[in-house]
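Read the structure below first, then the notes.
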Amino acid sequence: MQSLDRSYEPRSIEREAQAFWAAKNSFHADEVPGKAKFYCLSMFPYPSGKLHMGHVRNYTIGDVLTRYYRMRGMNVLQPMGWDAFGLPAENAAMANKVPPAKWTYDNIAYMKRQLQGLGFALDWARELATCSPEYYKWNQWLFTRLFRKGLAYRKSGVVNWDPVDQTVLANEQVIDGRGWRTGALVEKREIPMYFFRITAYAEELLEALAKMDGWPEQVKLMQKNWIGRSEGVRIGFPYELQGEKKTLWVFTTRADTLMGATFMAVAAEHPIAAYAAKGDAQLAAFVEECKRGAVMEADLAQLEKKGMPTGLYCANPLTGEKLPVWVGNYVLMGYGEGAVMGVPAHDERDYAFALKYGLPIKCVIRHPAGDAVPEPWKPAYAEYGTCINSGKYDGLAYQAAVDAIAADLKAKGLGEKQVQWRLRDWGISRQRYWGCPIPIVHCAACGDVPVPDKDLPVVLPENLVPDGTGNPLAKLPSFYETKCPACGKPAKRETDTMDTFVDSSWYFARFACPDNDKAMLDARARYWMPVDQYIGGIEHAILHLLYSRFFARALKAEGLLAVEEPFTNLLTQGMVLAESYYTDASGRREWINPADVEVTRDAKGKIVAAKAKDGRAVVYDGIGTMSKSKNNGVDPQALIDRYGADTARFYIIFASPPTNTLEWSDESVEGSYRFLKRVWAYAAKFDEPRRTMAEGLAKTTRFEIHSVLKQANYDLAKHQFNTVASAAMKILNALERFDGGRFKEDGGRNTVVEEGLSILLRLLSPITPHICHHLWRELGLGRKGSPEQDDVMLAPWPDPDPEALKQDEIEYVVQVNGKTRGSVRLPKAADRAQVEASAAQSMQKYVAGQPIKKVIIVPGRLINIVV
RNA sequence: GCCCGGGUGGCGAAACUGGUAGACGCAGGGGACUUAAAAUCCCCAGGCCGCAAGGCCGUGCCGGUUCGAGUCCGGCCCCGGGCACCA
């Protein structure tokens with residue numbers, strides 16, 4: 001053990017503490033009936049190579065919570081695993097000619113060592129990787145169950161197609177509409193895919209949000225909007241095609257504006273568009289143009305609104321008025337009916353479209369600005385109001401108009417009220433190699449046949465190297481040639497793999513029983529689930545969390561889980577950002593890592609210039625997420641190597657509250673290291689003889705320490721850890737003020753110092769466990785003869801002593817007309833008259849003869865004199 | 001474009017239910033120790049005016065509510081996250 005005579009050496013004490021925990025198996029969690037369990041989980045990492053700052057932040061936050069709840073006496077589980085399938089492994093494989101499996105396993109080994117070096121309280125016995133057959137077997141098993149229930153099914157879906165590489169591209173691989181490797185213009189292509197019917201749970205997923213008190217409002221709101229329940233009316237517009245009567249259906253939330261419809265717009269993929277394009281080359285070209293391009297909604301939504309008439313007309317179902325049918329590039333086939341009614345007077349997009357193409361604008365809602373809709377567009381035009389120019393519906397307000405119109409449409413068989421969801425079914429097929437094979441066999445006679453349980457898992461061969469032109473599995477007969485499980489005839493195995501979101505939608509439950517090879521989940525999952533505290537990046541607020549909620553419901557329906565909500569409390573950490581710099585001396589931008597940039601400051605510390613360490617001038621490009629493309633990643637390992645894990649952990653906690661973005665600063669790390677050195681140095685002086693302190697100073701110091709502790713516990717409860725770190729600093733400051741430098745006279749251990757150090761080390765131990773572990777034992781602060789003597793983690797969490805918090809006097813802030821002018825100290829027992837008199841007395845200068853209108857007193861805090 | 005957040009000193013931040021804006025740190029300035037440097041310790045520090053006492057201004061911008069607004073309300077600007085195949 002490192003002696004306190006030596007200065008703080010993080011490396012040796014961290015190694016020593018980690019060895020202690022390993023020897024004692026300190027972080028192993030067992031199912032203990034009757035003891036309150038606490039399942040604390042951070043989102044598992046993708047094994048990309050090495051830990052990045054976001055990981056360190058995520059796992060430090062999780063570890064602080066884990067260690068805190070342990071000390072609060074709960075049975076805590078904190079596991080770790082690997083989200084090990086995915087695209088980057090294939091990219092690395094192509095670049096290095098190494099199979100994704102080897103690359104992935106090497107990364108896992110390296111990152112595991114890094115996590116261990118950070119001293120996280122993880123139960124490694126439960127480690128799992130989603131790319132192992134023992135894990136993904138159960139993806140496949142569940143898929144076959146959902147398939148038989150109709151919750152997994154096949155239909156066509158749209159993908160990005162690179163015509164040169166003849167391969168499907170991920171959205172990420174499409175840059176400005178072109179393939180990332182070939183530069184070819186990307187096309188949309190429809191292919192058969194498997195979907196999970198998440199929409200079957202839309203209503204439940206939405207309604208449960210209201211009861212999820214442990215989730216941030218922000219995330220619940222995002223999910224609510226994503227699910228997107230809207231009430232409206234499905235309206236049929238009759239038309240004739242070659243003498244045949246047909247109906248064009250639309251969904252609208254504004255049936256009250258039906259009389260203001262002046263055109264119809266359909267998506268390029270709509271059957272009407274396809275029909276009309278047959279006889280019209282120009283329209284055909286436009287439809288083709290709309291169908292090309294990327295599939296991303298963000299891109300589609302920002303396209304210039306364009307349209308073309310089909311030459312077809314349909315009739316307003318109530319008036320028979322003829323309405324031209326257009327094809328519009330802003331109409332999405334995936335939402336509603338793939339067609340909309342155009343009401344230019346009361347919808348901004350329709351308005352712009354009508355102006356552009358000279359379509360009539362008919363005002364049918366009275367709004368504050370009047371009964372017309374002159375240019376330019378005003379948001380008021382879209383507000384609810386009373387119907388006008390609408391015949392028998394004139395004078396009706398929104399709901400009454402919708403009700404009346406829906407009733408009339410229903411009578412004609414041309415409409416009814418409908419609830420529409422924005423949520424779409426989840427397409428899980430990926431035309432990629434490094435993922436979980438979809439357990440389906442395609443048989444000419446029997447159709448899609450799920451692989452029987454006895455043949456699971458369908459094992460993914462681990463030795464392939466993709467070449468960028470399609471899925472290598474589709475080129476491997478030994479993989480896809482098989483026999484139909486139903487009829488035994490030759491058949492073809494599905495070569496698509498599953499979206500990696502499938503893997504991550506249930507891993508949290510598998511941590512309870514990763515060793516079970518007979519069942520996906522068992523009773524241990526029912527013990528540990530739900531996760532009590534889930535921690536992860538805000539960027540996962542919708543997809544991952546929504547898919548996991550869907551899975552929990554599906555697993556409950558299979559009898560595998562007892563709960564339908566997987567995460568009771570959710571903490572969404574902010575992203576870690578860094579500055580980026582570039583030089584364009586050579587004509588094209590070269591990004592310089594912030595670590596290699598030196599800045600010049602003026603006398604006030606403001607940055608006035610920056611240059612690269614090699615002397616080249618650099619341009620500051622602002623702050624953003626750490627990325628390879630901007631070369632602004634900061635490697636946490638360098639930080640850990642230099643200062644130790646405790647400093648890295650402390651800095652990351654201290655720098656910002658967990659939910660904020662964290663702007664990286666190398667300089668500030670130094671301050672965290674300095675603080676830990678001060679803790680060490682102060683502790684080292686603990687047993688030096690000290691003189692007896694004056695009673696008054698002891699009382700003030702205890703008041704200070706216990707007040708700070710009270711606030712720190714309050715902050716911990718609301719997960720504001722940065723101020724807990726501040727609190728530790730304040731306690732050390734108070735202790736140093738108390739007896740700094742006065743170690744000459746005798747007196748032995750001072751009880752104020754002993755108590756202060758004991759509180760400090762316990763408060764700090766979840767954040768910086770190694771140094772606290774060491775000092776706690778070295779100073780012998782634990783109760784004699786108890787297990788906590790050897791291990792601060794086993795000590796009880798400190799709570800403030802109510803005696804120490806008692807005060808005889810209170811300081812009141814005194815304001816005149818709301819402006820702070822001073823303060824007065826008054827005995828705690830002072831009554832209102834005394835408080836007022838004392839305040840008026842002290843404010844004579846400001847009141848100066850003016851009549852006092854009233855005096856506002858906030859008990860124990862503030863006095864405001866209004867003159 | 002749509003949905004969700006955020007904006008407070010040179011920087012990260014704090015401020016409990018509307019009640020002393022800037023705690024705790026970083027960077028900066030001054031000093032002590034040292035042959036020197038590093039390390040450590042002490043002091044100063046929102047802006048403007050003033051020798052000082054003190055005064056005025058100040059939480060992205062504009063307006064409102066209130067005895068009192070960083071905090072509540074309305075409008076705007078900028079930045080970040082998500083938009084269904086990155087994870």
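Owing to the predicted nature of the structure, the values given are computational and were not obtained by experimental measurement. Proteins come first, then strands; the chains are lettered A, B, ... in the order of their sequence lines, and each starts at number 1.
Taking only side-chain atoms of A:Glu539, from C-beta outward, the nucleotide of B:C83, B:U40, B:G81 with the closest atom is B:G81. The side chain of A:Glu667 sits closest to B:C26 out of B:A13, B:C26, B:U20. Among B:A39, B:A84, B:G19, the nucleotide with an atom closest to any side-chain atom of A:Leu862 is B:G19. With B:A84, B:A15, B:C85 as the candidates, the nucleotide lying closest to the side chain of A:Lys718 is B:A15. The A:Met296 side chain lies nearest to B:A84 when the options are B:C16, B:C85, B:A84. The side chain of A:Leu87 sits closest to B:A87 out of B:C26, B:A87, B:G25.
The salt bridge (charged side-chain N to carboxylate O under 4.0 Å, His left out) search around A:Arg649 returns A:Asp63, not counting sequence neighbours. A:Glu539 meets the side chain to side chain donor-acceptor pair (under 3.5 Å) test with no other residue; sequence neighbours excluded. By the side chain to side chain donor-acceptor pair (under 3.5 Å) test, A:Trp664 is found to be paired with A:Asp666, residues two or more places apart in sequence or in another chain being considered. Residues satisfying the salt bridge (charged side-chain N to carboxylate O under 4.0 Å, His left out) criterion with A:Asp499, sequence neighbours excluded, are A:Arg430. A search for salt bridge (charged side-chain N to carboxylate O under 4.0 Å, His left out) contacts involving A:Glu172 returns nothing, not counting sequence neighbours. Every residue two or more places apart in sequence or in another chain that forms a salt bridge (charged side-chain N to carboxylate O under 4.0 Å, His left out) with A:Glu704 is listed here: A:Arg737. By the side chain to side chain donor-acceptor pair (under 3.5 Å) test, A:Asp425 is found to be paired with A:Tyr153, A:Thr199, residues two or more places apart in sequence or in another chain being considered. For A:Thr253, there are no side chain to side chain donor-acceptor pair (under 3.5 Å) partners, not counting sequence neighbours.
Base orientation of B:G9: syn, since the glycosidic angle falls within 90° of 0.
Among the heavy atoms of the strands lying under 4.0 Å from A:Arg861 are primed sugar atoms or P, OP1, OP2 only; no base atom is included. Contacts of A:Phe654 with the nucleic acid, taken as non-hydrogen atoms under 4.0 Å apart, include base atoms. A:Gln573 comes within 4.0 angstrom of no nucleic acid atom, judged by non-hydrogen atoms across all strands. Nucleic acid contact for A:Met193: base, since at least one base atom lies under 4.0 Å from a heavy atom of the residue. Residue-level contact check: A:His544 touches neither bases nor backbone, having no heavy atom under 4.0 Å from any strand. The residue A:Ser668 sits close only to the backbone: its heavy atoms come under 4.0 Å of sugar-phosphate atoms, none of a base. Within 4.0 Å (heavy atoms only), A:Ser504 reaches no atom of the nucleic acid at all. Residue-level contact check: A:Leu423 touches the bases, meaning some heavy atom is under 4.0 Å from a base atom. Within 4.0 Å of A:Pro657, counting heavy atoms only, lie sugar-phosphate atoms of the nucleic acid but no base atom. Across all strands, A:Gln173 comes closer than 4.0 Å to no nucleic acid atom at all (heavy-atom distances). A:Val168 comes within contact range of at least one nucleobase, with a heavy-atom separation under 4.0 Å. Within 4.0 Å (heavy atoms only), A:Phe501 reaches at least one base atom of the nucleic acid.
On a pure distance criterion of 3.5 Å, a polar donor-acceptor pair joins the side chain of A:Gln431 and the base of B:C85.
Between B:A23 and B:C44, the two P atoms lie 13 Å apart (nearest whole Å). Look at the P atom in both B:A38 and B:G28: the space between them is 12 Å, to the nearest Å. B:A53 and B:A45 have their P atoms separated by 11 Å, with the value rounded to a whole Å. Comparing the P positions of B:C62 and B:U40 gives an interatomic distance of 44 Å, to the nearest angstrom. On the C1' atoms, B:C57 is 14 Å away from B:G9, given to the nearest whole Å. Distance check on atom P: B:A69 versus B:C4 gives 29 Å, rounded to whole Å. Rounded to the nearest Å, the gap between the P atom of B:G18 and that of B:G82 is 32 Å. Using P as the reference atom, B:C76 and B:C2 are 12 Å apart when rounded to the nearest Å.
The two residues A:Ser505 and A:Phe551 make their nearest non-hydrogen contact at O-CB, 3.3 Å. Between A:Ser7 and A:Trp680 the shortest heavy-atom distance is C-NE1, 3.7 Å. Pairing each heavy atom of A:Leu826 with each of A:Ser838, the nearest pair is CD2-OG, 3.5 Å.
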Expected output check: what is the dot-bracket annotation of RNA chain B, where ( ) and [ ] are pairs inside the strand (brackets for crossing ones), | is paired with another strand, and pairs are Watson-Crick or G-U under 3.5 Å? (((((((..(((......[....))).(((((.......))))).((((....))))..(((((..]....))))))))))))....

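In this structure a side-chain-to-backbone donor-acceptor pair under 3.5 Å is missing from A:Thr661 to A:Met575. Of the possible polar contacts, one joining the A:Asn471 side chain to the A:Thr495 backbone as a donor-acceptor pair under 3.5 Å is found.
The phosphate of B:A39 has neither OP1 nor OP2 within less than 4.0 Å of any side-chain N or O from A:Lys677. Listed pair A:Ser726 / B:G25 fails the phosphate criterion, with no side-chain N or O lying under 4.0 Å from OP1 or OP2. For B:A13, the OP1/OP2 oxygens have a side-chain nitrogen or oxygen of A:Asn660 closer than 4.0 Å. In this structure, A:Arg430 reaches the B:C85 phosphate: one of its side-chain N or O atoms is under 4.0 Å from OP1 or OP2. Under 4.0 angstrom from either OP1 or OP2 of B:C24 there lies no side-chain N or O belonging to A:Asn733. Residue A:Gln720 places at least one side-chain N or O under 4.0 Å from the OP1 or OP2 atom of B:A15.
Between A:Lys356 and A:Glu304, at least one side-chain nitrogen of the basic residue sits less than 4.0 Å from a carboxylate oxygen of the acidic one, meeting the salt-bridge criterion.
Mapped onto RNA chain B by nearest heavy atom, A:Ala655 and A:Val858 fall at different nucleotides, with A:Ala655 at the one closer to the 5' end. Annotation: of the two residues near RNA chain B, A:Glu172 and A:Arg674, the 5′-most nearest-nucleotide partner is A:Arg674.
Screening A:Val576, A:Leu662, A:Thr647, A:Asn58 for a side-chain contact (heavy atoms from CB on, under 4.5 Å) with A:Ile652, the sole residue that qualifies is A:Leu662.
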Which atoms of nucleotides 52-55 of chain B (N or O only) lie under 3.5 Å from a protein N or O atom, and what are those distances?
| unit_1 | atom_1 | unit_2 | atom_2 | d |
| --- | --- | --- | --- | --- |
| B:G55 | OP1 | A:Tyr846 | OH | 3.2 |

Check: protein-nucleotides 63-69 of chain B nitrogen or oxygen pairs below 3.5 Å:
| unit_1 | atom_1 | unit_2 | atom_2 | d |
| --- | --- | --- | --- | --- |
| B:C67 | O2 | A:Asn864 | ND2 | 2.2 |

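Taking the six-membered ring where the residue is Trp, the centroids of A:Phe196 and A:Tyr547 are separated by 6.0 Å or more. In this structure, A:Phe508 has its ring center no closer than 6.0 Å to that of A:Phe44.
Counting heavy-atom neighbours within 6.0 Å of A:Lys853 NZ, excluding the residue itself, gives a total of 12 or less.
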Strictly under 4.0 angstrom, non-hydrogen atoms only: write out the protein contact profile of nucleotides 1-7 of chain B, one letter per nucleotide from the 5' end, B, S or -. B-SSS--

